[in-house]
**Q** 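Sharing a structure, written as structure tokens. Questions coming.
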Amino acid sequence: MSANPATEPAPTPHDRPGRPDGPGSPDGPGSPDGPRSPDGPGAGRADGSRRSRRPDASRVRRSPGLLTAGLLALAAAAATALVVRSDITDPPFQRLDDRWLGWMGGPHDGPYLAAATVLNWFGGPVGAALPLSLLLLLLFRRRWTSAGFLLAAYLGGNMLVIQGLKHLVDRPRPADPLVRVDHGSFPSGHAATAALLVVVAGALLVPAARRRAWWYGGAVFTLAMMWSRTWLHAHWLTDTVAGAVAGAGAGLLTWWLLQPALARESLRSHDRRGAAAGADPGAAAVPDGG
């Protein structure tokens, strides 16, 4: 005889699988991990994940590209200096220099004169005020490594590289320069300083994502400086090319040497700003040394 369904006990709530609060529920009291809470194992894993995403400046390595570009640029400038030194009055490319100088013959007035005069000031006391102002700003913000990078690149590039090449070659300048000049036409100190400051400012002030546009603008500025030095008959064309290459090479090589230290300083700066704003320092991206 079959059992009477009406006499069977009704299932209790705990016998029904799939209840959110039952023993079979992942969050119920029968769950292996017990009820979940903000301080439970899941929160610990999330915290660990956030900590693992924290940038580690100690992992930043010197870029081989900076080293290669810097060494190649300095080697090219040094090789050109040796070629000029072999015959300072008539080097192999003197015909090219003479032809370019003929194109720069004039007239020397109007907007061209104004532009060349401004660029000429950049290489004098007015131009020296720019790196000095940047140095004071870096010191005020306690960016000691960045300030050291600026000093090492600017003084090393100008005193050691540019003045060293000038004394090595001592090439005569074009006749009748339109501005006051010192000894030694090769290489151009104005072009070298322009290229050097473009590299240093790009490394210290420009975010990595925007540096391509900065390099393009810096190249235009350096080319304008090279034009002005030849238009004023202060340098031969090859003097300005070698100066720009030597200045950029000095900046790139100094950047490569200090890249890990600059990355650590940049990370500390991110951390200080994040702590002041109440943000998670781990949200900052790993700096590339600039």
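This is a predicted model, so every value here is computed, not measured. We count residues from 1, following the sequence as given.
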**Q** Trp100: what forms a ring pair (Phe, Tyr, Trp, His ring centres under 6.0 Å) with it, not counting sequence neighbours?
**A**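 Here the qualifying residues are Trp103.
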
**Q** Pick out which of Leu132, Leu135, Leu197, Thr254 makes a side-chain contact (heavy atoms from CB on, under 4.5 Å) with Tyr154.
**A**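 Single side-chain contact (heavy atoms from CB on, under 4.5 Å) partner of Tyr154 among Leu132, Leu135, Leu197, Thr254: Leu197.
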
**Q** For Ala234 and Pro177, work out which heavy atoms get closest and say how close.
**A**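 For Ala234 and Pro177, the tightest heavy-atom pair comes out as CA-CB, 4.2 Å.
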
**Q** Kindly indicate, with the supporting measurements, whether the criterion side chain to side chain donor-acceptor pair (under 3.5 Å) is fulfilled by Ser146 and Glu265.
**A** CA-CA 8 Å; Ser146 297; Glu265 180 185 67; 2.5 Å; yes

**Q** Which value, rounded to the nearest 0.5 Å, describes the distance between Thr230 atom OG1 and Asp239 atom CG?
**A**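 Result: 10.0 Å between the selected atoms.
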
**Q** Rounded to the nearest 0.5 Å, how far does CZ of Arg210 lie from CG of Leu205?
**A**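 Rounded to the nearest 0.5 Å, the CG-CZ separation comes to 12.5 Å.
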
**Q** Mind checking side-chain hydrogen bond (donor to acceptor under 3.5 Å, both in side chains) for Thr89 and listing every partner two or more places apart, or none if nothing turns up?
**A**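 Per chain and number, Thr89 pairs via side-chain hydrogen bond (donor to acceptor under 3.5 Å, both in side chains) with Asp87.
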
**Q** Going by the rule side-chain hydrogen bond (donor to acceptor under 3.5 Å, both in side chains), which residues pair with Asp170 if we only count those two or more places apart in sequence or in a different chain?
**A**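 By the side-chain hydrogen bond (donor to acceptor under 3.5 Å, both in side chains) rule, Asp170 matches no residue at all.
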
**Q** Output a table of donor-acceptor pairs, distance under 3.5 Å, between side-chain atoms of residues 114-131 and any protein atom two or more places apart or on a different chain; print 'none' if there are none.
**A**
unit_1, atom_1, unit_2, atom_2, d
Thr117, OG1, Leu113, O, 2.7
Asn120, OD1, Arg229, NH1, 2.7

**Q** If I compare all heavy atoms of Val161 with all of Ala250, which pair ends up nearest, and what's the gap?
**A**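 Minimum heavy-atom separation between Val161 and Ala250: CG2-CB, 4.4 Å.
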
**Q** Could you walk me through whether Ser63 and Gln259 satisfy the side chain to side chain contact (heavy atoms under 4.5 Å, CB included) test, starting with their C-alpha distance in whole Å, then the side-chain angles of each, then the deciding distance to 0.1 Å, before giving a yes or no?
**A** CA-CA 8 Å; Ser63 170; Gln259 192 173 23; 3.6 Å; yes

**Q** Check whether Val245 and Trp255 end up in the same hydrophobic cluster, where Ile, Leu, Val, Met, Phe, Trp and Tyr are linked by side-chain heavy atoms less than 4.5 Å apart.
**A**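 No; Trp255 is not reachable from Val245 via cluster members.
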
**Q** Output the rest of the hydrophobic cluster of Leu101: all Ile, Leu, Val, Met, Phe, Trp and Tyr residues reachable through side-chain heavy-atom contacts under 4.5 Å, sorted by chain and number.
**A**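 When side chains under 4.5 Å apart are linked, the cluster holding Leu101 also contains Trp236.
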
**Q** Working to the nearest 0.5 Å, report the span between CG of Leu150 and CG of Leu136.
**A**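 These two atoms lie 10.0 Å from each other.
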
**Q** Could you pull out every donor-acceptor pair under 3.5 Å between side chains of residues 72-85 and any protein atom, sequence neighbours left out?
**A**
unit_1, atom_1, unit_2, atom_2, d
Thr80, OG1, Ala76, O, 2.8
Arg85, NE, Leu168, O, 2.9

**Q** With side chain to side chain donor-acceptor pair (under 3.5 Å) as the rule and sequence neighbours excluded, what pairs involving residues 158-167 come up?
**A**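 Sorted pair list: Asn158-Thr193.
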
**Q** How would you list, by chain and number, every residue that makes a salt bridge (Lys or Arg N to Asp or Glu O under 4.0 Å) with Asp176, sequence neighbours excluded?
**A**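 Salt bridge (Lys or Arg N to Asp or Glu O under 4.0 Å) check on Asp176 returns nothing, list empty.
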
**Q** On a heavy-atom basis, which atom in Ile162 and which in Ala246 lie closest, and how many Å separate them?
**A**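 Closest approach of Ile162 to Ala246, heavy atoms only: CD1-CB, 3.9 Å.
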
**Q** Can the ring centres of His190 and His235 be said to be less than 6.0 Å apart?
**A**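 No; His235 has its ring centre 6.0 Å or more from that of His190.
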
**Q** Taking all heavy atoms of Met104 and all of His233, pick out the closest pair and write down the distance.
**A**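 Closest pair (atom of Met104, atom of His233, distance): O-NE2, 3.2 Å.
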
**Q** So does Met225 get a backbone contact from the side chain of Ser228, meaning a donor-acceptor N/O pair under 3.5 Å?
**A**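 Answer holds: yes.
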
**Q** When you measure from the side chain of Arg62 to the backbone N and O of Pro260, does any donor-acceptor pair fall under 3.5 Å?
**A**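 Not a single qualifying donor-acceptor pair exists.
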
**Q** By side-chain hydrogen bond (donor to acceptor under 3.5 Å, both in side chains), which residues pair with Asp182, not counting sequence neighbours?
**A**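 With sequence neighbours excluded, Asp182 shows a side-chain hydrogen bond (donor to acceptor under 3.5 Å, both in side chains) to Arg173, given in chain and number order.
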
**Q** Among all residues two or more places apart in sequence or in another chain, which pass the side-chain hydrogen bond (donor to acceptor under 3.5 Å, both in side chains) test with Thr238?
**A**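 With neighbours one apart ignored, the set is Asp97, Arg171.
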
**Q** Can you pull the salt bridge (Lys or Arg N to Asp or Glu O under 4.0 Å) pairs that have at least one residue in residues 243-254, sequence neighbours excluded?
**A**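 Passing the test, one end in residues 243-254: no pairs.
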
**Q** Can you tell me how far the OG atom of Ser188 sits from the CG atom of Leu165, to the nearest 0.5 Å?
**A**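 Going from OG on Ser188 over to CG on Leu165, the span is 12.0 Å.
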
**Q** Side-chain heavy atoms under 4.5 angstrom apart, residues restricted to Ile, Leu, Val, Met, Phe, Trp, Tyr: same cluster for Leu196 and Leu160?
**A**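 No, Leu196 and Leu160 fall in different hydrophobic clusters.
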
**Q** Would you list the pairs meeting side chain to side chain donor-acceptor pair (under 3.5 Å) in which at least one residue belongs to residues 213-227, sequence neighbours left out?
**A**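 Passing the test, one end in residues 213-227: no pairs.
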
**Q** Taking a hydrophobic cluster as the set of Ile, Leu, Val, Met, Phe, Trp and Tyr residues connected by side-chain heavy atoms closer than 4.5 Å, whether directly or through intermediates, do Ile88 and Val181 fall within one such cluster?
**A**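 Looking at the clustering, Val181 is in a separate group from Ile88.
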
**Q** Is the Trp231 ring parallel, tilted or perpendicular to the Tyr112 ring (thresholds 30°, 60°)?
**A**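 The arrangement is tilted - the two ring planes meet at 30° to 60°.
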
**Q** Which atom names give the shortest non-hydrogen contact between Ala153 and Val200, and what distance separates them?
**A**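 That closest heavy-atom pairing would be CB-CG2, 3.7 Å.
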
**Q** What's the verdict on side chain to side chain contact (heavy atoms under 4.5 Å, CB included) for Trp144 and Leu138, showing C-alpha distance, side-chain angles and the deciding distance?
**A** CA-CA 7 Å; Trp144 315 120; Leu138 294 173; over 6 Å; no

**Q** When hydrophobic residues are tied together by side-chain contacts of less than 4.5 Å, even through go-betweens, does Trp256 share a cluster with Val198?
**A**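 The answer is yes; both residues are in one hydrophobic cluster.
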
**Q** Establish whether Phe93 and Leu237 are linked, either directly or via other cluster members, by ILVMFWY side-chain heavy-atom contacts under 4.5 Å.
**A**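 They do not share one cluster, since no chain of ILVMFWY contacts under 4.5 Å joins Phe93 to Leu237.
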
**Q** State whether the side chain of Arg211 and the backbone N or O of Ala203 hold a donor-acceptor pair below 3.5 Å, judged by distance alone.
**A**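 Yes; judged by distance alone, with no hydrogens or angles, the pair exists.
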
